[in-house]
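Residues take their numbers from the sequence shown, with the count starting at 1.
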Amino acid sequence: MAFGRDGGSDPGRKRGWDTSAALAALAVLLAAGLLWGAFPTGSEPSTEPASQVPILVYHRFDPVAADGTTVTTAVFESQLRRIRDGGYRVIPLRELVACLRSQAPLPPRAVVLTADDGHRSIYTEMAPRIKRYDFPVTLFIYPSAISNATWAMTWGQLGELQATGLFELQSHTYWHPNFRKEQRLAPAAYEKFVEAQLLRSRKILEQRLTGKVDLLAWPFGIYDDWLMAKAQQAGYTAAFTLERRPVRASDQIMALPRFLVTNADCGTAFERLLAGGSCRQP
């Protein structure tokens with residue numbers, strides 16, 4: 001369901017669709033290497049760990065992986081353990097952005113953790129483990145679902161997570177649109193729609209929670225030059241995609257890549273991902 005108003009669904013919106021189903025389809029495409037041509041095959045771990053930083057993105061957690069974007073709690077626990085035991089340092093996303101914007105050297109053996117959408121399993125499954133390992137996480141939230149969709153967290157739960165000091169809350173637009181589909185609108189209507197998605201999300205997150213909202217995760221990883229310019233005009237200083245590779249200093253600040261983590265990313269496959277290579281086996 002697409003959500004169009006605070007606290008309720010928008011019965012007048014005809015282009016709404018099931019985000020969960022779309023994310024599952026996206027995971028299949030990503031796994032097959034069909035999006036963006038950004039999947040190296042059989043790449044070796046980087047010999048220069050300070051030259052790149054992997055950003056990991058999660059969506060939901062459960063004891064059983066029922067779809068392509070669910071990571072089981074057991075696998076997630078093993079991933080956190082491998083990060084700690086492998087000598088990696090989990091840094092806040094904002095620290096990485098600051099390095100990129102100032103052209104400072106990227107921190108060695110660094111990893112960034114993010115999670116999109118605001119699924120309630122972030123509160124019930126992810127948060128207890130994050131607290132145990134004391135790792136910082138950035139959550140990209142689309143506000144229309146919060147305290148509204150049955151699968152989503154509440155504003156109170158988001159506030160609790162933010163109060164721990166480990167979770168930063170940032171924008172995933174207002175209702176997670178597919179900007180390619182919305183381009184069917186007339187140019188003026190499309191521009192108004194994009195501006196509303198970018199600005200309304202920032203406004204509500206800043207009103208409901210604390211802290212500045214100036215980072216954006218592109219829904220479905222969809223972006224183009226025009227959208228990046230609109231995001232900058234809306235006050236965003238960095239934005240993130242779903243290109244499956246680590247961040248490098250030369251990357252476009254409004255299209256920084258992230259690895260979509262799946263339940264198959266475990267053991268040596270996850271170690272290769274942390275080292276900056278593909279998590280796919282050769």
To the nearest 0.5 Å, atom CD1 of Ile130 lies from atom CG of Leu80 at 5.0 Å

Sequence neighbours excluded, every pair satisfying ring-ring contact (aromatic ring centres under 6.0 Å, His included) that has a member inside residues 78-100: none

Taken in chain and number order and not counting sequence neighbours, the residues that satisfy ring-ring contact (aromatic ring centres under 6.0 Å, His included) with Trp155 are none

Applying the 4.5 Å side-chain criterion to the ILVMFWY set and letting contacts propagate, would Leu199 and Trp226 be lumped into a single cluster? no

Could you pull out all residues at least two apart from Thr70 that satisfy side-chain hydrogen bond (donor to acceptor under 3.5 Å, both in side chains)? Asp67

Establish, for the pair Arg84 and Tyr133, whether the NZ or CZ atom is under 6.0 angstrom from the six-membered ring centre and no further than 45 degrees off its axis. no

Using side chain to side chain contact (heavy atoms under 4.5 Å, CB included) as the criterion, point out the one residue from Val112, Leu56, Leu113 that pairs with Val137. Leu113

Going by the rule side-chain hydrogen bond (donor to acceptor under 3.5 Å, both in side chains), which residues pair with Gln252 if we only count those two or more places apart in sequence or in a different chain? none

What's the verdict on side chain to side chain contact (heavy atoms under 4.5 Å, CB included) for Ile141 and Gln170, showing C-alpha distance, side-chain angles and the deciding distance? CA-CA 6 Å; Ile141 302 297; Gln170 294 294 324; over 6 Å; no

Donor-acceptor pair, Gln197 side chain versus His172 backbone, under 3.5 Å? no

Identify the heavy atoms of Thr154 and Ser147 that sit nearest to each other, and give their distance. CA-OG, 3.2 Å

Please name the pair of heavy atoms, one in Ala145 and one in Ala152, separated by the smallest distance, quoted to 0.1 Å. O-CB, 3.4 Å

Lys230/Glu195 ion pair, N-O < 4.0 Å: yes

Over all heavy atoms of both residues, which pair between Glu182 and Tyr190 is shortest? Give the atoms and the distance, please. O-CD1, 3.3 Å

So the salt bridge (Lys or Arg N to Asp or Glu O under 4.0 Å) pairs with at least one residue in residues 121-142 (sequence neighbours excluded) are Glu77-Arg129, Glu77-Arg132, Glu125-Arg129

When you look at CD of Gln207, are more than 12 heavy atoms from neighbouring residues, nucleotides or ligands closer to it than 6.0 Å? yes

pair Leu242-Ile222: side-chain heavy atoms closer than 4.5 Å: no

Please report the closest heavy-atom contact between Arg248 and Asp251, naming both atoms and the distance. N-OD2, 2.7 Å

Residues two or more places apart in sequence or in another chain: which of them pass side-chain hydrogen bond (donor to acceptor under 3.5 Å, both in side chains) with Thr72? Asn263

Taking the six-membered ring for Trp, is the centroid-to-centroid distance between Trp218 and Tyr236 below 6.0 Å? no

Check ring-ring contact (aromatic ring centres under 6.0 Å, His included) between Phe167 and all other residues, then give those that pass, not counting sequence neighbours. none

Please list, chain by chain and in numerical order, all residues satisfying ring-ring contact (aromatic ring centres under 6.0 Å, His included) with Phe240, sequence neighbours excluded. Phe140

For the pair Tyr174 and Ile204, evaluate side chain to side chain contact (heavy atoms under 4.5 Å, CB included) and give the outcome as yes or no after the intermediate values. CA-CA 9 Å; Tyr174 180 63; Ile204 292 174; 3.4 Å; yes

Strictly by salt bridge (Lys or Arg N to Asp or Glu O under 4.0 Å), give each pair with a member in residues 143-165 just once, sequence neighbours left out. none

Using side-chain contact (heavy atoms from CB on, under 4.5 Å) as the criterion, list what pairs up with Thr237, not counting sequence neighbours. Arg101, Asp214, Leu215

Is it true that, when you exclude Asp225 itself, more than 12 heavy atoms of the residues, nucleotides or ligands shown sit nearer than 6.0 Å to its CG? no

Evaluate the side chain to side chain contact (heavy atoms under 4.5 Å, CB included) criterion for residues Arg202 and Leu198: first the C-alpha distance (whole Å), next the side-chain angles of each, then the deciding distance (0.1 Å), finally the verdict. CA-CA 7 Å; Arg202 286 192 66 207; Leu198 297 174; over 6 Å; no

So do the side chains of Tyr142 and Pro219 get within less than 4.5 Å of each other, counting heavy atoms only? no

Would Phe220 and Phe179 count as a close aromatic pair, with their ring centres under 6.0 Å? no

List the atom of Gln162, the atom of Thr210, and the distance in Å for their closest heavy-atom pair. NE2-O, 2.6 Å

Scan residues 161-174 for pairs that pass salt bridge (Lys or Arg N to Asp or Glu O under 4.0 Å), counting only residues two or more places apart or in two chains. Arg94-Glu168

Do Arg82's NZ or CZ and the ring of Phe270 fall within the cation-pi criteria of under 6.0 Å and 45°? no

Filter on ring-ring contact (aromatic ring centres under 6.0 Å, His included), then keep only pairs touching residues 99-118, sequence neighbours left out; what's left? none

Under a 3.5 Å threshold, yes or no: a donor from one side chain and an acceptor from the other, between Arg258 and Thr114? yes

Correct closest heavy-atom pair for Thr73 and Pro63 would be OG1-CA, 4.1 Å

